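Below you'll find the structure, written out as structure tokens, and then a few comments.
All chains are named by letter (A, B, ...) in the order of the sequence lines, taking the proteins before the strands, and each is independently numbered beginning at 1. Predicted model, so just to flag it, every value in this text is computed and none were measured. Every heavy atom of this structure was used, including side-chain atoms; hydrogens, water molecules and symmetry mates were not.
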There are 2 protein chains.
Amino acid sequence: MRPTTTARPAVRLAEISYSPAQVRVLTAALDLFADNGVAGTTLQMIADRMGVTKAAIYHQFRTKEEIVIATADYHSVPLEAAVERAEAAQDRVEARRVLLQQLIDFAVRNRAGVSAWRGDPVMTRILMKHEPFRGLTERIYTLLVNEDAGAVGVDAGAVRADRLGEERENDSRIPAAILVGVITAVGQPGLAAIDPQILREQVFRYACRLLNLPD
Amino acid sequence: MRPTTTARPAVRLAEISYSPAQVRVLTAALDLFADNGVAGTTLQMIADRMGVTKAAIYHQFRTKEEIVIATADYHSVPLEAAVERAEAAQDRVEARRVLLQQLIDFAVRNRAGVSAWRGDPVMTRILMKHEPFRGLTERIYTLLVNEDAGAVGVDAGAVRADRLGEERENDSRIPAAILVGVITAVGQPGLAAIDPQILREQVFRYACRLLNLPD
DNA sequence: GTCTATAATGTGATAGAC
DNA sequence: GTCTATCACATTATAGAC
């Protein structure tokens, strides 16, 4: 199921290691980024939450941008694992079901953080020039929405206007974006009080309806 | 169709008026908030884009927070108009269709801004303590997802676990959040290049499928 | 690994002239 | 309505001691 036309990722997130002191920074940072956005989070806030000084943080990471990247990398390891499991599935439909379920699980488990990941323009800009994260995002999109992996597979941007007169004026980027919207909806503040199990089930059902998958 | 249990909004956004100089600020601010988030946008940036100094802006608005609120109010007038039209519809299904179509139109027309409105935690916090905006949001949610306006209508939080054994273990906050996720998906950076008309049609189709409305 | 101290710059906000 | 000039404070980041 792994597309042979796509290069293997150069770095597995799971193989990057962080010292305990670094992990403490990344844990504090995730919460604060989720609550205030990247731009709204100062190193002072992170230091305060950890009970240390700013200088202690600068000993672990050279810049704020490095903290943003490391935060995303570190907390996305389960996401990478989910993608790898899905890519190992037997057929495309099964891969899609597996990944979808795991994406939703991940999103529900990290409700607050999910808003930061997808909503914050600063975060987005930083992550999109960071290859490991770009790669992971692409693999997810490919698994979820590329209807005909045979014809596509190479470059998602090149698919666009090929069969235009047909039923498929469809650009697969649209269902992809919508699906992301559905999954990340679990991070909306209004759903904070809802039981995780119910949230998981309901969102999965709606997502299946959207993708025309049997639920 | 207007729910008699809900008080009329104290202020119509359309009735708030702004001087030309103020509108210039609000126009520049919208773009910048969309690109950088509220916290990532400085008054210096707004001033630079307008070609004036910070002091000129402080002559129009007393604080940055006032600018955020006014930006949302000013650019949400079409949204308010859409809600008013939908509330005037004959039945609930028709109201829902009308509002949905107009929400999507609005979102597509203001693609960049939509991310800011829904994604930014700072923006969200400021707007949610601003009554006119809270009220507008509530009216939209009520129109879109309250299945049985008779039994509900008063407090959305109290609906939860009433008829649990049935098909409707449903909390209406979940489809509401998902629908918001779908509509605001049009603001995702990956869709920036897509033709507005196609985007409108496709998103409407998916949203209808989600709501079980005929498209 | 953490601290104090400090540099250099940017921040929201104000006073008063034109 | 916009300007110059300024305030008090917060910001990212560094140097060097413990």
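- Across every non-hydrogen atom of Leu211(B) and Leu144(B), the tightest pair is CD2-O, 4.3 Å.
- Of all nucleotides in DNA chain C having an atom under 4.0 Å from a heavy atom of chain B, the first and last in 5' to 3' order are dT11(C) to dA15(C).
- Counting to the nearest Å, the P atom of dT14(D) and the CD atom of Gln60(A) are 15 Å from each other.
- For Tyr58(A) and dA13(D), the shortest distance from a side-chain N or O to OP1 or OP2 is below 4.0 Å.
- The closest donor-acceptor contact from the side chain of Arg111(A) to the backbone of Val186(A) lies at 3.5 Å or more, if one exists at all.
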Verdict with reasoning, Glu65(B) to Lys129(B), per salt bridge (charged side-chain N to carboxylate O under 4.0 Å, His left out): CA-CA 11 Å; Glu65(B) 178 162 328; Lys129(B) 57 179 185 175; 3.3 Å; yes
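- With Arg173(B) contributing its side chain and Leu191(A) its backbone, the two residues share no donor-acceptor pair below 3.5 Å.
- Straight-line distance from the CD1 atom of Ile46(A) to the C1' atom of dT12(D): 12 Å, rounded to whole Å.
- Of the possible polar contacts, one joining the Ser19(A) side chain to the Gln22(A) backbone as a donor-acceptor pair under 3.5 Å is found.
- In this structure Tyr74(A) satisfies the ring pair (Phe, Tyr, Trp, His ring centres under 6.0 Å) test together with Tyr18(A), sequence neighbours excluded.
- Note that CZ of Phe33(B) and NE2 of His75(B) are 10.5 Å apart. Values are rounded to the nearest 0.5 Å.
- Side-chain atoms of Glu80(A) come within 3.5 Å of backbone N or O of Leu13(A) as a donor-acceptor pair.
- Residue Ala21(B) is in sugar-phosphate contact alone, with no base atom involved, counting any heavy-atom pair closer than 4.0 Å across all strands shown.
- Annotation: proximity of residues 36-44 of chain B to DNA chain C (heavy atom, distance under 4.0 Å) is found for Thr41(B), Thr42(B), Leu43(B), numbered in ascending order.
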